[in-house]
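Computed from a predicted structure; not experimentally measured. Reckoned from all heavy atoms, side chains included, excluding hydrogens, waters and symmetry mates.
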Amino acid sequence: MAASTDLPVTFDGERTPQAPRSRNLLAACFTHALHDGYTDGLYAFLPVWQAQFGLSYAALALVRALYYGTMGGLQIPADRALRGVSARSALILATVTAAMGFLIMALPLGFAGLCVGLVVAGVGSSIQHPRGSMLVTDSYGDASRRPLGMYNFSGDLGKAIVPALVAVTLPVLAWRPVLGLMALLGIVVALGLRSWAPKTPVIARARAKTQRGHGRGGFGILTTIGALDTATRMGYLLFLPFLIHAKGGNSPTVGVALALLFIGGALGKATCGWLGERLGVVGSVIVTEVATAALMAATLLTPLIPTLIVLPLLGVVLNGTSSVLYGTVPELSDGDTGRAFAVFYTSVVVSGGAAPILYGAIADHSNQTIGILASAATAALIAPLVMLLKPHLRATASTT
């Protein structure tokens, strides 16, 4: 049965025409790049705010948590509240709200204004993850695994570009005008979304076939794997600067090391979705997580230059698994894919915040090497855990 003309997808496995699908993916990717860029761009302001407002490191962490915690904690409520709103309206609302948060931070309202702006920006960014993911899934149906990988990859591009722009402009302009420029960038993207994103609302019955999952048990396992994968990544990032210094590197070398890891990570997110189509979810996750654990251990044993050579390869598998996991959410969503994405992203955000604390405590009571090995052990733990997903996956998962 064909869908009515006002639906973004059709029934019985039919998909939207190529041009609308491409525009929808473009809209989701631009929004994801902006919001992830906003998230990581805030790191560049932390030293400035510490000096400006006389904050301790603990207070600085709490200030950042106003944005990060709001973004993570409101994803499920935001998805529920905007369930009947079109993808275009939801993404525009998300982007305008986040931009308004940065505009509030840019105004001379003191420390209170900064805190309020961070919360408002976090509210906006809480909307885009589940709704952007749903837009891609609605547009591509059963063929959404690779487009979701591209959507995931676009976030890494934003994380690379926006913080770099902030770092370049902060020495030239005061921090408030830089925040104002970030708000302006959000408004530009929001205006672009008026042309790119679809006007029609997301209607649940149009997703009934392509997004019917196989039970919450499988989704619970997938969510746990996603949280552990994020914990592995954040744990290693915590120790990498200290590892480079221990090998004789200086601060610029640390910057190079991080850049190499992130470049590999962006490549991994772009390619591991393809790997998931070839090897299937279980096979690709086992390959990437075993490689992650092995390459982490290798960076402990190699001198500085070989370590720098290994880091892009580590970045590919360290970040690439997430594309396979995100692409599997629609299959295991049990029909409510929007809520499934919100739950999945929330678990990832919570894990990303908690993992450095846990691994840091392990290192504090032992040493840095044990902390890195604990991160590697977490990656290795995922390999047998992902085998539990096999009964919940479609037999054709590796060929779709």
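Placement of Leu314 and Leu260 within a single hydrophobic cluster is found when ILVMFWY residues are connected by side-chain heavy-atom separations under 4.5 Å, directly or transitively. Tracing side-chain contacts under 4.5 Å through hydrophobic residues (I, L, V, M, F, W, Y), one reaches Leu193 starting from Met100; they form part of the same cluster. Both Leu237 and Ile362 are members of a single hydrophobic cluster when ILVMFWY side chains are connected at heavy-atom separations under 4.5 Å. Linking Ile, Leu, Val, Met, Phe, Trp and Tyr residues whenever their side-chain heavy atoms come within less than 4.5 Å places Phe239 and Leu313 in a single cluster. Leu385 and Leu389 fall within a single hydrophobic cluster, where Ile, Leu, Val, Met, Phe, Trp and Tyr are joined by side-chain heavy atoms under 4.5 Å apart, directly or via other members.
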Enumerate donor-acceptor pairs with a distance under 3.5 Å from any side-chain N or O in residues 296-303 to protein atoms, sequence neighbours excluded.
| from | atom 1 | to | atom 2 | distance (Å) |
| --- | --- | --- | --- | --- |
| Thr299 | OG1 | Tyr236 | OH | 2.9 |
| Thr299 | OG1 | Met296 | O | 2.6 |
| Thr302 | OG1 | Ala298 | O | 3.1 |
| Thr302 | OG1 | Thr307 | OG1 | 2.6 |

Can I get a per-line list of side-chain donor-acceptor pairs under 3.5 Å for residues 161-174, giving both atom names and the distance, sequence neighbours left out?
| from | atom 1 | to | atom 2 | distance (Å) |
| --- | --- | --- | --- | --- |
| Thr169 | OG1 | Leu165 | O | 2.9 |
| Thr169 | OG1 | Val166 | O | 3.2 |

Side-chain donor/acceptor pairs under 3.5 Å, residues 115-125, sequence neighbours excluded:
| from | atom 1 | to | atom 2 | distance (Å) |
| --- | --- | --- | --- | --- |
| Ser125 | OG | His35 | ND1 | 2.9 |
| Ser125 | OG | Tyr67 | OH | 2.8 |

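The two residues Ala99 and Ile187 come nearest to each other via the heavy atoms CB-CD1, 4.0 Å. Residues Asn367 and Thr369 share a closest heavy-atom pair of OD1-N, 3.1 Å. Considering every non-hydrogen atom in both Asn319 and Ser322, the closest pair reads O-OG, 2.7 Å. The shortest non-hydrogen separation linking Phe53 to Gly110 is CE2-C, 4.0 Å. Nearest approach of Gly132 to Leu91, heavy atoms of both residues: N-CD2, 3.9 Å. Residues Thr253 and Leu308 share a closest heavy-atom pair of CG2-CD1, 4.3 Å.
Side-chain atoms of Asp229 and Thr232 form no donor-acceptor pair, as typed in the model, at a separation below 3.5 Å. No side-chain N or O of Ser351 forms a donor-acceptor pair with one of Thr230 less than 3.5 Å apart.
For His32 (side chain) and Ser154 (main-chain N/O), no donor-acceptor pair under 3.5 Å exists by modelled atom type. For the pair Arg233 (side chain) and Leu318 (backbone), a donor-acceptor distance under 3.5 Å is present. Using a distance-only test at 3.5 Å, with no hydrogens or angles considered, a donor-acceptor pair links the side chain of Tyr38 to the main chain of Gly186.
Remark: Thr223 OG1 to Leu228 CG distance equals 11.0 Å, nearest 0.5 Å. In this structure, CG in Asp36 is found 11.0 Å from OG1 in Thr31, a value given to the nearest 0.5 Å. If you take OG on Ser89 and CD1 on Ile127, they are separated by 11.0 Å, rounding to the nearest 0.5 Å. Interatomic distance, Thr224 OG1 to Leu381 CG, rounded to the nearest 0.5 Å: 10.5 Å. Taking CG of Leu388 as the reference point, atom CD1 of Ile221 lies at 5.0 Å (rounded to 0.5 Å). Considering CD of Glu289 and OG of Ser284, their distance stands at 10.0 Å, rounded to 0.5 Å.
A heavy-atom distance below 4.5 Å is not found between the side chains of Leu304 and His245. No side-chain heavy atom of Ile263 sits under 4.5 Å from any side-chain heavy atom of Pro312. Residues Met105 and Met182 are not in side-chain contact: their nearest non-hydrogen atoms beyond the backbone lie 4.5 Å or more apart. Between Gln368 and Leu373, the closest side-chain pair of non-hydrogen atoms is not below 4.5 Å. Here the side chains of Leu114 and Leu109 are not in contact, with every heavy-atom distance at 4.5 Å or above. The shortest side-chain heavy-atom distance between Val282 and Ile286 falls under the 4.5 Å cut-off. Residues Val63 and Phe111 are in side-chain contact: their nearest non-hydrogen atoms beyond the backbone lie under 4.5 Å apart. Annotation: side chain of Val343 is not in contact with side chain of Gln75 (no heavy-atom distance under 4.5 Å).
Atom CZ of Phe242 sits in a sparse spot, with 12 or fewer heavy atoms from other residues, nucleotides or ligands closer than 6.0 Å.
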* Show your reasoning for whether side-chain contact (heavy atoms from CB on, under 4.5 Å) applies to Val349 and Met71. => CA-CA 8 Å; Val349 169; Met71 178 187 67; 4.3 Å; yes
* To do: Start with the C-alpha gap between Thr378 and Tyr359, add the side-chain angles, then the distance that decides, and say whether side chain to side chain donor-acceptor pair (under 3.5 Å) holds.
  => CA-CA 11 Å; Thr378 304; Tyr359 293 124; 2.6 Å; yes
* **Steps toward side-chain contact (heavy atoms from CB on, under 4.5 Å) verdict (Cys29, Phe153)** => CA-CA 8 Å; Cys29 287; Phe153 167 68; over 6 Å; no
* Kindly determine whether Val136 and Asn24 satisfy side-chain contact (heavy atoms from CB on, under 4.5 Å), including the steps that lead there. => CA-CA 7 Å; Val136 177; Asn24 295 351; over 6 Å; no
* Is there a side-chain contact (heavy atoms from CB on, under 4.5 Å) between Phe102 and Leu181 once you walk through the steps? -> CA-CA 9 Å; Phe102 277 84; Leu181 290 175; over 6 Å; no
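Taking the six-membered ring where the residue is Trp, His129 and Tyr151 present perpendicular rings, their angle passing 60° and hence far from 30°.
In this structure Met150 satisfies the side-chain contact (heavy atoms from CB on, under 4.5 Å) test together with Leu25, sequence neighbours excluded. In this structure Phe344 satisfies the ring-ring contact (aromatic ring centres under 6.0 Å, His included) test together with Tyr326, sequence neighbours excluded. In terms of the side-chain contact (heavy atoms from CB on, under 4.5 Å) criterion, residue partners of Leu26 (sequence neighbours excluded) are, by chain and number, Phe30, Trp196.
Aromatic pair Trp49/Phe45: centroids less than 6.0 angstrom apart.
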